[in-house]
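Excluded from the calculations below are hydrogen atoms, water molecules and symmetry mates; all remaining heavy atoms, backbone and side chain alike, are included.
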Amino acid sequence: MKIRIKASVDCVSSAPVILDPNTANPHLVLSDDLTSASLNGNYQTLPDNPERFDWCVCVLGSEGFNSGTHCWDVEVTESKYWSLGVTTASVQRKGRVFFNTDVWCMSYGWIGGCGLPVKQKLDRVKVNLDYDGGTVSFSDLVTNTHLHTFTATFTHTLFPFFCCYSDSLRILPVNSQ
């Protein structure tokens, strides 16, 4: 059984990315407008569909990209441990192998092997995907400081992904700086 997201999509037109509840780990609670995820200490009983994360506390964006440039801003102030980036549609979401291949991301806090580590505490992170140019860049939105750029040749549809290992994170509306 898949959760329908059409009604929620209509109320978040100002968000550049919304979350796909069908991919959310059962420990994540998504906001009604599908723009934030919070860690829930309780395991929710949800359908174990193939696209759902079962070990990594992650959720994908609802729309994939296979061309063009795209960016989204994420507020991570409330999260002590997070990971943000992009991944392919076909990446393994079951078990502990998610971060092994086809994931381009940055992480903060103790998340061993879950992306390039960020040393400083950040409030807001900008993720820029240039699919055709083969780059995923990250910057500190508050200081407008470049953090890192991954370079790759993308051949599959890429989805934004968000891991929230404590507290919450939120995708910001367009022009919320």
Side-chain angles (χ1 to χ4, degrees), residues 1-5 8-9 12 15-65 72-127 129 136 138 140-141 147-148 150 156-172:
M1 178 175 98
K2 292 190 178 184
I3 300 168
R4 301 188 59 80
I5 62 173
S8 294
V9 172
V12 292
V17 172
I18 61 167
L19 304 173
D20 180 353
N22 294 311
T23 66
N25 178 287
H27 286 287
L28 289 178
V29 175
L30 305 184
S31 62
D32 289 340
D33 65 0
L34 301 176
T35 61
S36 68
S38 300
L39 185 67
N40 180 0
N42 300 318
Y43 187 89
Q44 302 171 89
T45 302
L46 298 172
D48 186 23
N49 45 308
E51 62 269 27
R52 185 174 310 286
F53 288 94
D54 68 350
W55 192 84
C56 293
V57 189
C58 299
V59 59
L60 296 183
S62 64
E63 180 183 356
F65 306 114
W72 52 95
D73 301 337
V74 185
E75 185 174 57
V76 293
T77 307
E78 298 300 318
S79 187
K80 296 175 192 147
Y81 311 100
W82 53 263
S83 189
L84 307 170
V86 297
T87 189
T88 61
S90 61
V91 73
Q92 176 61 259
R93 298 179 207 160
K94 301 297 184 185
R96 300 176 183 204
V97 298
F98 171 67
F99 287 98
N100 290 357
T101 58
D102 295 333
V103 176
W104 299 268
C105 68
M106 297 200 78
S107 298
Y108 177 78
W110 184 88
I111 308 173
C114 301
L116 186 68
V118 174
K119 303 272 191 239
Q120 70 272 26
K121 175 79 171 128
L122 300 172
D123 291 327
R124 295 177 175 195
V125 177
K126 177 177 281 300
V127 182
L129 168 63
V136 181
F138 299 84
D140 179 340
L141 190 59
L147 298 170
H148 186 75
F150 291 98
H156 296 89
T157 301
L158 296 178
F159 284 83
F161 86 88
F162 311 84
C163 291
C164 181
Y165 296 93
S166 73
D167 305 309
S168 64
L169 52 80
R170 180 173 64 103
I171 302 164
L172 298 170

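Shown here are the disulfide (SG to SG under 2.5 Å) partners of C164, two or more places apart in sequence or in another chain: there are none. For N40, the side-chain contact (heavy atoms from CB on, under 4.5 Å) partners are V29, N42, Q44, not counting sequence neighbours. S38 pairs by the side-chain contact (heavy atoms from CB on, under 4.5 Å) definition with S168, not counting sequence neighbours. Listed by chain and number, the residues in a side-chain contact (heavy atoms from CB on, under 4.5 Å) with S166 are S79, K80, Y81 (sequence neighbours excluded). H148 meets the side-chain contact (heavy atoms from CB on, under 4.5 Å) test with M106, L116, F150; sequence neighbours excluded. Remark: F65 pairs with H70 by the ring pair (Phe, Tyr, Trp, His ring centres under 6.0 Å) rule, at least two apart or across chains.
Distance check: K126 NZ to L172 CG gives 9.0 Å after rounding to the nearest 0.5 Å. Rounding to the nearest 0.5 Å gives a distance of 6.0 Å between CG of L147 and CG of D140. T88 OG1 to L158 CG: the interatomic distance, rounded to the nearest 0.5 Å, is 7.0 Å. Here OG1 of T35 is found 10.0 Å from CG of L169. Values are rounded to the nearest 0.5 Å. Atom CZ in R170 sits 10.5 Å away from atom CG in D73 (nearest 0.5 Å).
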#### Entry: Derivation and outcome, side chain to side chain contact (heavy atoms under 4.5 Å, CB included), residues Y108 and L122
CA-CA 9 Å; Y108 177 78; L122 300 172; 6.0 Å; no

### Task
Could you check F162 against L28 for side chain to side chain contact (heavy atoms under 4.5 Å, CB included), going step by step and ending with a plain yes or no?
CA-CA 11 Å; F162 311 84; L28 289 178; over 6 Å; no

### Query
When you look at H156 and V91, which way does the side chain to side chain contact (heavy atoms under 4.5 Å, CB included) test go after all the steps?
CA-CA 10 Å; H156 296 89; V91 73; over 6 Å; no

### Message
Before you tell me yes or no, could you show the steps for L39 and D167 under side chain to side chain contact (heavy atoms under 4.5 Å, CB included), namely the whole-Å CA-CA distance, both residues' side-chain angles and the distance that decides it to 0.1 Å?
### Response
CA-CA 5 Å; L39 185 67; D167 305 309; over 6 Å; no

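Between C163 and C58 the SG-SG gap is short of 2.5 angstrom.
Panel note: side chain T77, backbone D123; a donor-acceptor pair is recorded below 3.5 Å. In this structure, T87 contributes its side chain and D102 its backbone to a donor-acceptor pair below 3.5 Å. N49 places a side-chain N or O within donor-acceptor distance of the main-chain N or O of N22, the cut-off being under 3.5 Å. Judged purely by atom type and a 3.5 angstrom limit, R52 uses its side chain to pair as donor or acceptor with the backbone of P47.
By the neighbour-count criterion of 12 heavy atoms within 6.0 Å, atom NZ of K121 is densely surrounded, having more than that number from other residues, nucleotides or ligands.
The minimum heavy-atom distance linking W72 with P16 is given by the pair CB-CG, 3.8 Å. Annotation for C105 and L84: closest pair CB-O, 2.9 Å, computed over non-hydrogen atoms. Residues V125 and V76 share a closest heavy-atom pair of CG2-CG2, 4.1 Å. Counting all heavy atoms, side chain and backbone alike, V57 lies closest to Y165 at N-CE2, 4.1 Å. Closest approach of A37 to L30, counting heavy atoms only: CB-CD2, 3.8 Å. The shortest non-hydrogen separation linking D20 to V59 is O-CG2, 3.4 Å.
Residues K94 and W55 form no side-chain contact, since every pair of their non-hydrogen atoms from C-beta on lies 4.5 Å or further apart. Within the 4.5 Å cutoff, side-chain heavy atoms of W82 are placed close to those of V118.
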